[in-house]
Amino acid sequence: MVVELRLPAADRPSIAEGSTVRFTPGQVRALLVTLAFVSSVLVGVVAGVLAHQDDKSVAGSILFGGGAFISWMTLSLLVMGALGWLSLGENVSPIPDTGRSSSQGST
């Protein structure tokens, strides 16, 4: 894998000079799912450690942490979906609408 770093061209402003960075809906959705995953891992690890401190076995602690992970991930995705954060948006369709005309109601 090759990573190439380039300096900005002299005629183009850099990001630090105030240009706007825009994200596609897919990138925002991926960021939100990643945020839900990372927070779920954190909740699962904390729940597992606390369960182990409460004199549970290692297997029981892992099971408890896994249950907390699944619960938090499900809750996070359900809330984000209910708020509409994971939708594609009103004007964006995953399937191109090429077969329909714009005047559907006229006869």
Side-chain angles (χ1 to χ4, degrees):
M1 181 166 100
V2 176
V3 177
E4 188 174 325
L5 299 175
R6 295 182 185 179
L7 294 173
D11 59 338
R12 291 179 44 208
S14 67
I15 293 175
E17 292 179 10
S19 63
T20 303
V21 178
R22 300 194 185 271
F23 298 100
T24 65
Q27 291 172 328
V28 172
R29 193 171 34 255
L31 180 66
L32 289 172
V33 170
T34 303
L35 178 66
F37 177 77
V38 170
S39 66
S40 298
V41 168
L42 180 66
V43 166
V45 167
V46 169
V49 168
L50 290 176
H52 187 64
Q53 293 295 323
D54 197 30
D55 295 331
K56 283 198 175 191
S57 66
V58 173
S61 300
I62 292 172
L63 187 62
F64 192 80
F69 169 82
I70 293 295
S71 300
W72 188 255
M73 186 74 172
T74 303
L75 180 67
S76 298
L77 293 178
L78 283 175
V79 168
M80 287 180 196
L83 291 173
W85 294 355
L86 298 179
S87 66
L88 291 173
E90 292 179 2
N91 300 327
V92 179
S93 174
I95 301 171
D97 191 16
T98 57
R100 296 183 181 167
S101 66
S102 61
S103 59
Q104 281 183 321
S106 62
T107 55

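When a residue number appears, it is its place in the shown sequence, counting from 1.
- Under the 4.5 Å side-chain heavy-atom criterion for Ile, Leu, Val, Met, Phe, Trp and Tyr, Val43 and Met80 are members of the same hydrophobic cluster.
- Both Val45 and Leu75 are members of a single hydrophobic cluster when ILVMFWY side chains are connected at heavy-atom separations under 4.5 Å.
- In terms of heavy-atom proximity, Arg29 sits nearest to Leu86 at CD-O, 3.2 Å.
- Of all the heavy atoms in Ala36 and Ser76, the pair that sits closest is CB-CB, 3.8 Å.
- Around the CZ atom of Phe64, the shell of radius 6.0 Å holds no more than 12 heavy atoms that belong to other residues, nucleotides or ligands.
- Note on Leu35: it does not cluster hydrophobically with Leu83, by side-chain heavy-atom contacts below 4.5 Å among ILVMFWY residues.
- Leu78 and Leu32 fall into different hydrophobic clusters, where Ile, Leu, Val, Met, Phe, Trp and Tyr residues are linked whenever their side-chain heavy atoms come under 4.5 Å apart, directly or through other members.
- The closest side-chain heavy-atom distance from Phe37 to Val41 is below 4.5 Å.
- Here the closest heavy-atom approach between residue Gly65 and residue Ala47 is recorded as CA-CB, 4.4 Å.
- Trp85 and Trp72 fall within a single hydrophobic cluster, where Ile, Leu, Val, Met, Phe, Trp and Tyr side chains are chained together by heavy-atom contacts under 4.5 Å.
- Contact between Arg22 and Gln27 at its shortest, heavy atoms only, is O-OE1, 4.3 Å.
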